[in-house]
Amino acid sequence: MATTPLFITPPPPPSATAAPPFTVETLAVLIDKSKSKTHLLQIHASLVRRNLDDHTILNFKLQRRYSSLGHLNYSVTLFNRTRNRDVYTWTSIIHAHTQSKLNDQALSYYAQMLTHRIQPNAFTFSSLLNGSTIQPIKSIHCHVIKFGLCSDTYVATGLVDGYARGGDFISAEKLFDKMPEKSLISFTTMLMCYAKHGKLLEARLLFDGMEGNRDVVVWNVMIDGYAQNGFPNECLLLFRRMLVEKVKPNVITLLPVLSSCGQVGALESGRWVHSYIKNGKDGVVGVEVRVGTALVDMYCKCGSLEDARKVFDKIDGKDVVAWNSMIMGYAVNGLSEEALKLFHEMHGEGVRPSYVTFIALLTACGHSGLVTKGWEMFNLMKNEYKMEPRVEHFGCMVNLLGRAGRLQEAYDLVRSMKIDPDPVIWGTLLWACRLHNNISLGEEIAEFLLSNDLASSGTYVLLSNIYAAAGNWDGAAKVRSLMKDSGVEKEPGCSIIEVNNRVHEFIAGDLKHPKSKDIYLMLEEMNSWLKGKGYTPKTDVVLHDIGEEQKELSLEVHSEKLALAFGLISTRPGTTVKIVKNLRVCLDCHAVMKMISKITGRRIVMRDRNRFHHFDNGSCSCGDFW
DNA sequence: GTAGGGTTAG
């Protein structure tokens, strides 16, 4: 434990005039109001002068103030010097440690407290459980029972929180259900527990049951729960309802809401939130860093880099997260030079890069095939910043090398890794094999993955892709049946487009949209335009051994084409069409997007799983390299 | 003289 000496300067000799007539009460107030360590040390010295350094209450207050000002070591030294430790003293030192996330020490103080025969009370347990992942929670629960404190709302809430944080969802629920009295905090804690475990239905049930008693935090937890668990549309819907119910959102509310706009690429909604924020304050120039970062991220994910940059430049006190968002924004939109430039600016501002910064930089290099620059960054991170590359950094490098056709180099890098390569890395390598038609390496890797139980749906799809491209239909069929047997399912492709603040979702061959008829009519028209320009469908992307005509038909109804058709009929000519796809864009759809952008004179922005494609006048910003 | 809830980048 830290042992910073407290009494370096000996107290001055007592004199009748030096010490004004402070009472214990006024000293207590002084301690509570003190703003700094120096101030506190002065009061402390004065306690010593007045022979009050054995005063339990003043010592307690002093100890608490030291730790709340962030000087845990002073708090501990004082605790060690306190002769008459009562339950307050012990509780306070426990609280100080859980506040600093020092759970083991907190627990050890609790144990010492018991050996000193000081009986804990509700405050002790509340402090011990204070939002921590303290373990073992079950033993603490037993102690709570033993001391008869189960029915205390604070303690029970702390236990529910403790179980939830430790991942014991069932116990948390059981305990919550048995609580005789539940406070708003108890409900919020349980709600958070559901939300963190992805139990959105249970969370929503509890949330709906709290009608009339919901404060802004409750709304935030529910809204954030949706955003964090891949339900951005539900998040946005609930946010709208919050506004309808006249609950005033705060900064925290806006973060998941903006994140959701970004997730679905809902630029109109995002802009609306942005103007809502701007209207909320009266001409203040700077933007709060968290909201600013969330806005930058949202605009980048909606493909509007100009807007992102405008907000970014206005952020007050940019931290590394803010820089990362903008750098990553440039990276996934293929503006690698801008990303690298911004990194140098960041360096100039004296902000130290984090491991995410390097993911962003390597992503930027990957999207433009900058192999040399990529290696330079990879080495810079290791040598200059002394950061050990993580699996994600290796992933970026493998992607970069693999796509540049340097398959052996990529494979060697994976083999040289001290950490275990994750399925993403293997998938990246397989993808590169498919891209460069390296069947033998592709097979070798796929077999390794299959025999080591590392195969995901992506592995199967890529392997059948590799076989199909080589015309090996037997191989492709074998892989498909293997996939069926293993029970993994291919994630269905899905595209979304936002029109008039509403998000429309399409899957391949979708007939569910109310405007289906018009959409398919538009699709036919698109096809006649394309045929007129001499376009031939890229049927080799179809993985099944079926007739050419059937292949063409299956391509025509790909989700991104449905979304495009809907976009064309429901927005004014000249408007940019923005589509978001959950998987990578297919080769045929990519070609179609290019041609349609030329034929209609519209810009099309498409975000796929990996990056952005800005189609304009017949070409794409990715340079057909993705 | 004591105790509790939400935070952004891949």
Side-chain angles (χ1 to χ4, degrees), chain A residues 24-25 28-29 31-32 55-65 86-96 98-99 120-132 149 152-162 164 183-193 195-196 215-225 227-228 249-259 262 288-298 300-301 315 319-329 331-332 354-363 390-393 395-396 424 609-610:
Chain A
V24 168
E25 285 73 23
V29 172
I31 292 170
D32 286 344
H55 196 286
T56 339
I57 294 172
L58 289 178
N59 265 352
F60 160 77
K61 280 193 169 280
L62 208 50
Q63 190 187 312
R64 244 178 26 133
R65 197 72 195 132
D86 61 3
V87 63
Y88 290 90
T89 325
W90 284 100
T91 298
S92 156
I93 203 69
I94 289 168
H95 186 231
T98 47
Q99 284 287 78
N121 59 20
F123 291 92
T124 317
F125 285 107
S126 182
S127 300
L128 187 58
L129 291 162
N130 180 25
S132 66
L149 297 166
D152 183 277
T153 310
Y154 278 73
V155 177
T157 303
L159 280 172
V160 170
D161 190 42
S183 66
L184 180 60
I185 306 294
S186 321
F187 275 99
T188 312
T189 303
M190 195 61 228
L191 191 65
M192 266 173 56
C193 173
K196 284 260 144 49
D215 68 354
V216 63
V217 179
V218 172
W219 282 91
N220 288 353
V221 172
M222 194 65 230
I223 285 175
D224 186 54
Q228 295 280 329
N250 60 17
V251 167
I252 309 285
T253 323
L254 300 171
L255 305 177
V257 169
L258 286 169
S259 155
E288 200 266 339
V289 61
R290 292 166 302 175
V291 178
T293 304
L295 279 168
V296 168
D297 181 54
M298 180 278 291
C300 286
K301 287 198 172 131
I315 296 179
D319 58 5
V320 64
V321 181
W323 288 93
N324 288 349
S325 307
M326 195 65 233
I327 295 175
M328 185 58 92
V332 293
S354 69
Y355 79 99
V356 179
T357 318
F358 286 101
I359 294 174
L361 291 168
L362 294 174
T363 304
R390 299 190 187 183
V391 70
E392 296 95 324
H393 302 105
C396 292
V424 180
R609 173 168 277 189
N610 266 26

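Lettering follows sequence order; numbering is per chain, from 1. No hydrogens, no waters, no symmetry mates; every other heavy atom, side chains included, goes into these values.
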Classify the nucleic acid contact of Gln228(A) as base, sugar-phosphate or nothing, counting any heavy atom under 4.0 Å across all strands shown.
-> sugar-phosphate
Ser354(A) has a side chain; which of dT8(B), dA9(B), dG5(B) sits nearest to it?
-> dA9(B)
Residues at least two apart in sequence or cross-chain that pass side chain to side chain contact (heavy atoms under 4.5 Å, CB included) with Val289(A), listed by chain then number, are Thr293(A), Ile315(A), Asp319(A), Ala322(A)
Could you check whether Ser92(A) gets within reach of a base, just the sugar-phosphate, or nothing at all, counting any heavy atom under 4.0 Å?
-> nothing
Base, sugar-phosphate, or nothing for Asn121(A), non-hydrogen atoms under 4.0 angstrom?
-> base
Quickly work out the Ile223(A) CD1 to dT8(B) P distance and round it to whole Å.
-> 14 Å
Look at all strands and tell whether Tyr355(A) reaches a base, only sugar-phosphate, or nothing, counting heavy atoms closer than 4.0 Å.
-> base
Heavy atoms under 4.0 Å, any strand shown: does Val296(A) hit a base, just sugar-phosphate, or nothing?
-> nothing
So which nucleotide from dG5(B), dT7(B), dA9(B) ends up closest to the side chain of Met192(A)?
-> dG5(B)
Decide yes or no, distance alone: a donor-acceptor N/O pair under 3.5 angstrom between the base of dG4(B) and the side-chain of Asp152(A).
-> no
Kindly say if His95(A) contacts the phosphate of dG4(B), meaning a side-chain N or O under 4.0 Å from OP1 or OP2.
-> yes
Sugar-phosphate only, base, or nothing, as touched by Asn59(A) at under 4.0 Å among non-hydrogen atoms | nothing
Quickly work out the Asn130(A) CG to dG5(B) P distance and round it to whole Å.
-> 6 Å
Describe the nucleic acid contact of Val216(A) in one word from base, sugar-phosphate, nothing, applying a heavy-atom distance below 4.0 Å.
-> base
Base, sugar-phosphate, or nothing for Thr357(A), non-hydrogen atoms under 4.0 angstrom?
-> nothing
Salt bridge (charged side-chain N to carboxylate O under 4.0 Å, His left out) filter on Asp32(A), not counting sequence neighbours, yields Lys61(A)
When we call it a touch if two heavy atoms are under 4.0 Å apart, what does Asp86(A) touch: a base, just sugar-phosphate, or nothing?
-> base
Just checking Ser183(A): base, sugar-phosphate only, or nothing, at a heavy-atom cut-off of under 4.0 Å?
-> base
Looking at every strand, decide which applies to Asp319(A) at a 4.0 Å heavy-atom threshold: base, sugar-phosphate, or nothing.
-> nothing
Atom CG of Leu258(A) and atom P of dT7(B) are separated, to the nearest Å, by 15 Å
